[in-house]
Amino acid sequence: MAYTYDDQNIFAKILRGEIPCTKVFESEHTLAFNDISEQAPHHVLVIPKGPYVCYDHFASSASDAEIIDYTRAIGSICKQLGIEPGQAGDGYRLIANSGADAVQEVMHLHVHILAGRPLGRMLASG
Ligand code: 5GP
C-alpha cells in the first residue's frame, strides 16, 4: 500500500513549531508530548519526526536508525513516567490507531502511552 503524507496534519504543525505542545521527551528522530485531551493520568503521544502516516508505513519505510530511536524513546518515556511494571510501576497500554476501522484522527503515526489508572479490558465489546 502506498501512502501519501499530508504535511498539514496537526502533528506536522507541532513538529514545525507552528502550534505548541507540552513536550515530554525528544530525541534525534522522535518527539513525545501530552495528549490535549487526556484519557488517563498519563497520556503521552509518541511520534516519529519523519513523514509516516501510520504504524505499518513506518515499520516498512523508516530507516533502522529511526525505528531504533522510536522504540528506545518509548522505553525511555516509560522509565521517565515510572510506569514500567518490571520496575514497580503499575503498567501502561500502547495504542497505535491506524486507518479507518481504528478511527485514526491524525494522519501522522503516533503511539498513545496510557497509564496511571486501571485501564480495563482491551476493547469494549461490539
Ligand atoms: P487518534 O485517534 O488519531 O489515535 O488520536 C489522535 C489524538 O491526538 C487524540 O487523542 C487527540 O486528543 C490528540 N490531539 C488532537 N489534536 C491535538 C493537538 O493539537 N495537540 C495535542 N497535544 N494532541 C492533539
Side-chain angles (χ1 to χ4, degrees):
M1 160 93 193
Y3 287 102
T4 302
Y5 180 81
D6 175 5
D7 70 3
Q8 293 308 305
N9 76 76
I10 201 98
F11 295 166
K13 291 179 181 179
I14 286 176
L15 281 167
R16 291 194 295 268
E18 293 168 9
I19 57 174
C21 70
T22 302
K23 187 162 72 175
V24 171
F25 178 92
E26 184 168 13
S27 59
E28 183 179 2
H29 297 294
T30 305
L31 179 67
F33 49 88
N34 287 328
D35 195 295
I36 203 167
S37 180
E38 74 278 359
Q39 305 286 315
H42 296 297
H43 188 169
V44 175
L45 300 171
V46 189
I47 68 173
K49 292 182 177 177
Y52 304 105
V53 173
C54 58
Y55 202 93
D56 62 282
H57 186 203
F58 179 71
S60 59
S61 302
S63 68
D64 290 357
E66 290 175 299
I67 291 170
I68 290 168
D69 185 275
Y70 190 70
T71 305
R72 296 280 190 217
I74 291 173
S76 296
I77 295 160
C78 290
K79 184 172 187 177
Q80 185 178 314
L81 298 177
I83 58 177
E84 306 152 284
Q87 299 294 330
D90 288 326
Y92 56 90
R93 180 170 294 157
L94 302 183
I95 299 174
N97 294 319
S98 300
D101 277 0
V103 198
Q104 181 181 3
E105 291 177 4
V106 181
M107 295 299 157
H108 182 114
L109 168 62
H110 49 286
V111 165
H112 299 250
I113 302 177
L114 294 149
R117 66 167 173 81
L119 295 164
R121 295 216 175 255
M122 189 165 69
L123 293 175
S125 57

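Whatever order the structure lists them in is the order used to number ligands and atoms, beginning at 1. In this text, all values refer to a predicted model and were calculated from it rather than measured experimentally.
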Review point. Is the number of heavy atoms from other residues, nucleotides or ligands under 6.0 Å of Y55 OH greater than 12?
Key: no
Practice item. Check whether more than 12 heavy atoms from other residues, nucleotides or ligands sit under 6.0 Å from atom CZ of R117, and answer yes or no. Key: yes
Check your understanding: Would you say E105's side chain and V103's backbone share a donor-acceptor pair under 3.5 angstrom?
Key -> no
**Study point:** Main-chain N/O of V53 paired to Q104 side chain as donor or acceptor, under 3.5 Å
**Key:** yes
Check your understanding: Can you list the other members of the hydrophobic cluster that holds I95, where links are side-chain heavy atoms under 4.5 angstrom apart?
Key -> L114, L119
Exercise for review: Go through the steps to decide whether H110 and H108 satisfy the test ring-ring contact (aromatic ring centres under 6.0 Å, His included), and finish with yes or no.
Suggested key: CA-CA 6 Å; H110 49 286; H108 182 114; 8.1 Å; no
Study note, to complete from the structure: By chain and number, the residues contacting ligand 1 below 4.0 angstrom (heavy atoms only) are I10, F11, I14, F33, N34, D35, I36, S37, L45, N97, V103, Q104, E105, V106, H110, H112
